[in-house]
2 protein chains.
Amino acid sequence: MPTRATEPLYRIKADLFKSLAHPTRIQVLEVLAATPDHHAGVARLLEATGCEASQLSQHLAVLKRAGVVASVRSGNHVEYRLTAPVVAELLTTARAFLLSRLAGASDQLHAAAELPPLPGASAQAVLDAAAQQ
Amino acid sequence: MPTRATEPLYRIKADLFKSLAHPTRIQVLEVLAATPDHHAGVARLLEATGCEASQLSQHLAVLKRAGVVASVRSGNHVEYRLTAPVVAELLTTARAFLLSRLAGASDQLHAAAELPPLPGASAQAVLDAAAQQ
DNA sequence: CCTTGACTTGATGATTCTATCAAGTCGTCA
DNA sequence: TGACGACTTGATAGAATCATCAAGTCAAGG
């Protein structure tokens with residue numbers, strides 16, 4: 001039970017976003033979301049983030065406390081996994097927003113300059129390009 | 001241009017989530033997302049959040065810096081709006097996760113106790129009930 | 001003009017987060 | 001069993017965030 005039942009939803013939601021509000025933790029979730037079964041070992045996360053073991057461990061603890069990931073000990077090492085596929089959706093939605101913001105800003109600039117957008121620089125093109133990774 | 005182009009995406013994403021990581025800011029976004037055209041005046045936000053004007057203003061500034069909302073001055077008062085509909089989607093996805101977590105926890109408890117779930121307490125039922133608000 | 005209302009901006013102490021380093025746990029293998 | 005590897009936990013100094021209060025801007029209305 002990661003949260004108290006008596007807390008209002010907007011507070012719980014804020015805590016969820018707070019658990020995502022760090023670059024290293026985003027990197028971790030991106031790695032997990034990128035694997036077919038949404039899990040990975042600590043070693044994999046260590047090399048992906050390039051940070052110190054204890055630091056990674058603390059960030060993983062934050063994600064675990066938030067109920068975003070869960071861990072399983074497998075012999076001498078530990079595997080982490082997303083607790084729900086919708087977590088990956090959260091990341092892709094965030095990316096969609098960021099890309100729409102870039103595209104929107106670009107469109108705004110072009111509109112302000114009263115020039116047609118460059119070929120391959122439209123909002124859709126940006127999204128298409130990004131979809132390839 | 002809310003962010004530098006040279007920053008890696010995971011850092012930009014973390015900054016986005018950081019801008020959402022406060023109860024008052026979530027309340028603001030919920031109010032905006034709940035209106036048909038995704039905008040509302042400061043007075044409306046003030047009464048919805050119940051916080052002091054200067055405090056609200058600072059939270060609005062955070063959201064604006066993150067590019068999540070934009071403001072328009074209309075005579076003597078100011079209107080805020082979501083910069084993109086996908087922001088609302090971010091909130092509903094977060095809620096979907098929280099609900100799936102509750103439902104999942106409930107299912108786990110039932111499984112652990114080796115008892116059948118109560119009628120109306122399944123994951124789907126929780127989601128259905130929540131969909132009504 | 002100048003006052004008043006609606007917001008925003010600045011400054012400051014208190015709380016919370018983060019990175020670093022030391023120490024601890026828990027399996028495995030010699 | 002006892003040393004090593006893989007992680008986790010604790011402690012602490014430094015950085016960032018937040019709430020509060022004072023002061024500032026800006027557009028109507030008198």
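Given the structure is predicted, the values throughout are model-derived calculations rather than measurements. Every chain is numbered from 1 and lettered A, B, ... according to where its sequence line falls, protein lines coming before strand lines. Values below: all heavy atoms of this structure, side chains included; hydrogens, waters and symmetry mates excluded.
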Nearest to the side chain of B/Ala53, which nucleotide is it out of C/dA6, C/dT8, D/dT8? C/dT8
Walking DNA chain D from its 5' end, the first of A/Asn76 and A/Ser71 to be reached, judged by nearest nucleotide, is A/Asn76
Do A/Leu16 and A/Leu90 have side-chain heavy atoms sitting under 4.5 Å apart? yes
Return whichever of B/Ser74 or A/Leu60 has its heavy-atom-nearest nucleotide of DNA chain D closer to the 5' end. A/Leu60
Roughly, in whole Å, what's the span from CZ in B/Arg65 to P in C/dT9? 9 Å
Given the rule that I, L, V, M, F, W and Y join up when any side-chain heavy atoms are under 4.5 Å apart, are B/Tyr80 and B/Val62 in one cluster? no
Distance in angstrom units between A/Leu46 CG and D/dA6 P, rounded: 10 Å
Are A/Leu9 and B/Leu20 co-members of a hydrophobic cluster defined by side-chain heavy atoms under 4.5 Å apart? yes
Within this structure, what is the CZ-to-C1' distance between A/Arg73 and D/dT9, rounded to whole angstrom? 13 Å
Is A/Arg44 near enough to D/dA6 that one of its side-chain N or O atoms lies under 4.0 angstrom from OP1 or OP2? no
Please give me the minimum heavy-atom distance between A/Arg25 and A/Lys18, naming the atom from each residue. NH2-O, 3.3 Å
On the side chain of A/Ser54, is there an atom forming a donor-acceptor pair with the base of D/dC7 - under 3.5 Å, no angle test? no
Where is the tightest heavy-atom contact between A/His22 and B/Ala14, given as atom of each residue plus distance? C-CB, 3.5 Å
Nucleotide of D/dC18, D/dT8, D/dT17 approaching B/Arg25 most closely (side-chain heavy atoms): D/dC18
How many Å lie between CD on B/Glu79 and P on D/dA27, as a whole number? 17 Å
Just N and O in the side chain of B/His59: are any of them under 4.0 Å from OP1 or OP2 of D/dA19? yes
Nucleotide C/dA22, atom P - distance to CD of A/Glu52 in whole Å: 10 Å
Considering only heavy atoms and no angle criterion, is a donor-acceptor pair shorter than 3.5 Å present between the side chain of B/Gln58 and the base of D/dT20? yes
Whole-Å distance, B/Leu63 CG to D/dC18 P, equals 11 Å
Given C/dT8, C/dG27, D/dT8, which nucleotide is nearest the side-chain atoms of B/Val78? C/dT8
May I ask you to evaluate whether B/His22 reaches the phosphate of D/dA19, defined as a side-chain N or O under 4.0 Å from OP1 or OP2? yes
Protein-nucleotide distance (A/Gln55, atom CD; D/dA13, atom P), rounded to Å: 18 Å
Starting from C1' on C/dC17, measure out to CZ on B/Phe17 and report it in whole angstrom. 18 Å
Can you identify which nucleotide, out of D/dC7, C/dA6, D/dT8, has its nearest atom closest to the B/His77 side chain? C/dA6
